[in-house]
Amino acid sequence: MVSGWIEIKAAGPGESKDLATALLIAAGSPGVQEETVDTSAGKLVSHSLWEDETREDEDTSPVKALKAYLPAGDEAALKTVKADLGRIGWSLETSFLKDTDWSEKWKKGLKPIKVKYRGSSVIVKPTWHKLKRAPGEIMIDIDPGMAFGTGGHATTKMCLKAILRLAKGRRLPKGPSILDVGTGTGVLAIAAIKLGFKKAVGTDIDKVAVKVARKNAGLNRTKLSLTAKDLSGVPGKYDLVAANILAGELTRLSGLLKDKMKPGGFLILSGILETEKASIEAAFTAIGLEKAFSLAEKEWVALAFGKPSR
Ligand SMILES: C[S@@+](CC[C@H](N)C(=O)[O-])C[C@H]1O[C@@H](n2cnc3c(N)ncnc32)[C@H](O)[C@@H]1O
């Protein structure tokens, strides 16, 4: 196995930027950075798509490039992403980065984030950031390693907010259980335990993610049950099921996701682009779930559904 990362610089039409971002993340990039040309100053500016602040100062100049990273040696992922991006008119250049260069570049882009709901807040921060916790705040330390989920991506933030909202909203029983499908760094399952859930199970098809989630569970002194098993092999039914994976996978897994919910339980779906919202809503209401609420941030949407009690 080659140790290091392939840095991908992808360039293409601005209108398909969201899709290109989603394809790069689906290929295994832990995040995507957007580079635009600042026409007033004539220089290149970088925005991390993982950070909170990106929306406010977003400019309207055309996208020049997206930057993403894949583990070196994963030729299959590189080939797939090249073909997928090519189909939507994007071209890419690649270069090799040593592990150390990558982690320094990557670490610089990671910032603590805070999610609030009615006076309660959850902070997710990289382990190397020092922060003081204020009373009533829940703090989660994450070492992302090669897994997705430091809290900064809009899809993760909305999941955290939805979990916080359900946990504080008295709509779940006392000491509820959660199944986190596509756990990545384990951030959602860890947040749930810190919010008073009594049981948290995390699954990920990526064994590396499971290892990273295990490490993060230890760092936060939380007990998670983690597995790389396919969803169909995960036992039990849960008060809350959360899945931050892409829309295609959500649709494919809809029946199984519903099956993992207890009657009266909730399902949070994230990783959905605004343009995919209607079809996901239709797919999950068609199988008998009731829409509870939705959240939106940047081009992403999260949906929450309830399962009728009988
Ligand atoms: C976008 S990340 C989400 C990570 C974290 N839950 C968060 O909210 O930040 C999606 C994760 O889902 C995993 N994944 C994708 N498809 C999956 C599936 N069918 N079953 C389980 N995990 C899956 C990926 O390996 C990846 O770690």
Side-chain angles (χ1 to χ4, degrees), residues 18 21-32 48-52 68-71 74 77 80 110 113 115 122 124-126 140 142-164 178-193 200-217 220 222 224-234 240-257 259-260 267-273 276 295 297-304:
D18 300 341
T21 302
L23 289 169
L24 286 161
I25 287 176
S29 179
V32 175
S48 166
L49 292 190
W50 282 27
E51 285 164 27
D52 222 353
Y69 301 89
L70 291 179
D74 194 348
T80 308
L110 299 182
I113 64 105
V115 171
V122 175
V124 183
K125 68 171 194 66
I140 299 172
I142 290 292
D143 184 344
M146 278 165 59
F148 183 105
T150 52
H153 196 267
T155 59
T156 311
K157 274 193 280 177
M158 288 190 291
C159 281
L160 288 168
K161 195 164 197 166
I163 294 171
L164 187 57
I178 181 172
L179 171 63
D180 176 14
V181 183
T183 196
T185 56
V187 60
L188 303 180
I190 293 169
I193 291 288
V201 176
T203 73
D204 205 296
I205 46 169
D206 178 359
K207 287 198 176 104
V208 176
V210 172
K211 228 166 136 182
V212 171
R214 194 157 285 138
K215 182 174 170 196
N216 284 317
N220 289 280
T222 46
L224 307 184
S225 166
L226 295 159
T227 174
K229 269 191 200 143
D230 190 79
L231 185 56
S232 58
V234 178
L240 178 60
V241 178
N244 179 10
I245 50 183
L246 294 174
E249 272 298 90
L250 293 174
T251 312
R252 187 180 73 79
L253 295 172
S254 58
L256 269 176
L257 288 167
D259 195 47
K260 294 289 153 209
L267 172 67
I268 297 166
L269 302 178
S270 195
I272 304 162
L273 289 166
E276 298 162 334
L295 300 169
E297 189 174 329
K298 298 184 181 154
E299 63 273 29
W300 299 96
V301 172
L303 298 169

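Remember, predicted model here, so these are calculated numbers, not experimental data. Atoms within each ligand, like the ligands themselves, are counted from 1 in listed order.
A donor-acceptor contact under 3.5 angstrom links the side chains of Thr183 and Asp180, judged on distance only. For Ser232 and Asp230, the side-chain atoms include at least one donor-acceptor pair closer than 3.5 Å. Side-chain atoms of Asn244 and Thr155 include a donor-acceptor pair closer than 3.5 Å.
Looking from atom 23 (C) of ligand 1 to the surrounding protein, the closest heavy atom is Ile205 CG1, 3.4 Å. In this structure, atom 24 (C) of ligand 1 lies nearest to the protein heavy atom Asp204 OD1, 3.5 Å. For atom 19 (N) of ligand 1, the nearest protein heavy atom (residue, atom name, distance) is Glu249 OE2, 2.6 Å. Phe148 CD2, 3.3 Å is the protein heavy atom nearest to atom 2 (S) of ligand 1. Residue, atom and distance of the protein heavy atom nearest to atom 9 (O) of ligand 1 are Thr156 OG1, 2.7 Å. Scanning the protein heavy atoms around atom 10 (C) of ligand 1, the nearest turns out to be Asn244 O, 3.2 Å. With respect to atom 11 (C) of ligand 1, the closest heavy atom belonging to the protein is Gly182 O, 3.5 Å.
No N or O atom of Val187 sits closer than 3.5 Å to an N or O atom of ligand 1. Of the N or O atoms in Asp206, none lie within a sub-3.5 Å distance of an N or O in ligand 1. When only interatomic distances are considered, the shortest N/O to N/O separation between Thr185 and ligand 1 does not fall below 3.5 Å. Looking at ligand 1, you won't find any N or O of Thr203 less than 3.5 Å from one of its N or O atoms. Not one N or O of Thr155 is nearer than 3.5 Å to an N or O of ligand 1, by distance alone.
Between the CD1 atom in Ile268 and the CG atom in Leu188 there is a gap of 8.0 Å [rounded to 0.5 Å]. Remark: Arg252 CZ to Glu249 CD distance equals 4.0 Å, nearest 0.5 Å. A distance of 9.5 Å separates CD of Glu297 from NE2 of His153, quoted to the nearest 0.5 Å. Rounded to the nearest 0.5 Å, atoms CG (Leu295) and CD1 (Ile272) are 10.5 Å apart.
In this structure, Leu188 counts as a contact residue of ligand 1, since one of its heavy atoms falls inside 4.0 Å of the ligand.
Here the side chain of Thr222 pairs a donor or acceptor atom with the backbone of Ala217 at under 3.5 angstrom. For Lys260 (side chain) and Val234 (main-chain N/O), a donor-acceptor pair under 3.5 Å exists by modelled atom type.
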For Val201 and Ile178, what are the C-alpha separation, side-chain angles and deciding distance, and is it a side-chain contact (heavy atoms from CB on, under 4.5 Å)? CA-CA 6 Å; Val201 176; Ile178 181 172; over 6 Å; no
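Under 4.0 angstrom from ligand 1, there are no non-hydrogen atoms of Leu231.
Residue Leu253 has at least one heavy-atom neighbour below 4.0 Å for each of these atoms of ligand 1: 19 (N).
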